[in-house]
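To keep things clear, I will list the structure first and then write my remarks on it.
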Amino acid sequence: MKIVKNISMQGLNIPFDTRKGVKSFFLAPKKQVEIPDSWNSKVAESLVHRRLVKMTQVVDVAPAV
């Protein structure tokens, strides 16, 4: 999973390419959303380079059997 966090002082609308089509999220200032690893977004990558958004990878821990 990925966590996308808006660190800017403005609301951002970020579209993600999914297997079922495009899904868009509005992120208010200082808010975050958790998305699957398979979702990609050129807009989000551009915002990361412009230091408006942070993306962090979350490791999914498998439950012990």
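Keep in mind that what you see is a predicted model, and the values were worked out from it rather than measured.
Partners of I7 under the side chain to side chain contact (heavy atoms under 4.5 Å, CB included) rule, at least two apart in sequence or in another chain, are K5, K54. In this view, V33 and V4, F25, L27, I35 satisfy the side chain to side chain contact (heavy atoms under 4.5 Å, CB included) rule, not counting sequence neighbours. Partners of R50 under the side chain to side chain contact (heavy atoms under 4.5 Å, CB included) rule, at least two apart in sequence or in another chain, are S46, L47, L52. Every residue two or more places apart in sequence or in another chain that forms a side chain to side chain donor-acceptor pair (under 3.5 Å) with S8 is listed here: N6.
The side-chain heavy atoms of Q57 and V59, taken from C-beta on, include no pair separated by under 4.5 Å.
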Only distances under 3.5 Å count here; give the side-chain donor-acceptor pairs of residues 38-45 to other protein atoms, sequence neighbours excluded, each with its distance to 0.1 Å.
unit_1, atom_1, unit_2, atom_2, d
S41, OG, P15, O, 2.7
S41, OG, V43, N, 3.4
S41, OG, A44, N, 3.1

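Think of M9 as one node in a network of Ile, Leu, Val, Met, Phe, Trp and Tyr side chains linked at under 4.5 Å; it has no links at all.
We find the NZ-CG distance between K2 and D37 to be 6.0 Å, quoted to the nearest 0.5 Å.
In this structure, M1 is a member of the same hydrophobic cluster as I3, with clusters built from ILVMFWY side-chain heavy atoms closer than 4.5 Å.
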